[in-house]
Amino acid sequence: MADKAEKNEFNVAGKYYVDSQCIGCALCASTAEDFFAISDTGCAYVKAQPSDDAGVALCNEALESCPVQAIGDDGE
Ligand code: SF4
């Protein structure tokens, strides 16, 4: 389970985030490319928060698919 206290520095503020457990597999950026990207340091981050149901569905799909559960949905 992702930990919002371990959110990485690249995430935009808001509900979804990537924490320090990310292994940089890029699955989230491929599943929900409008919302997740890979930083120069190799970890994923949330580049934009979803603003509609379709975006939320994509972010939830990315969250559920992450192999190391590094994506959370309880951020601020
Ligand atoms: S799916 Fe998970 S481990 Fe893979 S890049 Fe995204 S946050 Fe990191």
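Start at 1 and go down the list; that is how both ligands and their atoms are numbered. Computation of the quantities below employed the complete heavy-atom set of this structure, encompassing side-chain atoms and omitting hydrogens, waters and symmetry-equivalent molecules. Just so you know, these numbers come straight off a predicted model, no measurement behind them.
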Checking a contact table here: which protein heavy atom is nearest [atom], and how many Å away?
| atom | answer |
| --- | --- |
| atom 4 (Fe) of ligand 1 | Cys25 SG, 2.3 Å |
| atom 2 (Fe) of ligand 1 | Cys66 SG, 2.3 Å |
| atom 5 (S) of ligand 1 | Ala26 N, 3.1 Å |

Query raised in the report: Are any N, O or S atoms from Cys22 nearer to atom 4 (Fe) of ligand 1 than 2.8 Å?
Result: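 Within the cut-off used here (under 2.8 Å), Cys22 places no N, O or S atom near atom 4 (Fe) of ligand 1.
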Query raised in the report: Should we say atom CG of Asp53 is surrounded by more than 12 heavy atoms from elsewhere, each under 6.0 Å from it?
Result: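 Open.
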Query raised in the report: Side chain, backbone, both or neither: which part of Cys28 comes within less than 4.0 Å of ligand 1 when only heavy atoms are counted?
Result: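 Contact part for Cys28 vs ligand 1: both backbone and side chain.
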Report task. Answer side chain, backbone, both or neither: which part of Val68 comes under 4.0 Å from ligand 1, heavy atoms only. Result ->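 The side chain, only.
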Report task. Just jot down the ligand 1 atoms closer than 4.0 angstrom to any heavy atom of Ile23, in number order. Result ->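 So the answer, numbered in order with elements, is 3 (S), 8 (Fe).
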Query raised in the report: Atom OG of Ser39 and atom CZ of Phe10: how far apart are they, to the nearest 0.5 Å?
Result: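 So the gap between those two atoms works out to 4.0 Å.
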Report task. Can you measure from CG (Asn8) to CD (Gln21) and round to the nearest 0.5 angstrom? Result ->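 It is 11.5 Å, given to the nearest 0.5 Å.
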Query raised in the report: Among Asp3, Asp74, Asp73, which one satisfies side chain to side chain donor-acceptor pair (under 3.5 Å) with Tyr17?
Result: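 Going through the options one by one, the only one that passes is Asp74.
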Report task. Compute whether any side-chain donor of one residue and acceptor of the other, for Tyr16 and Asn11, lie under 3.5 angstrom apart. Result ->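 Short answer, no.
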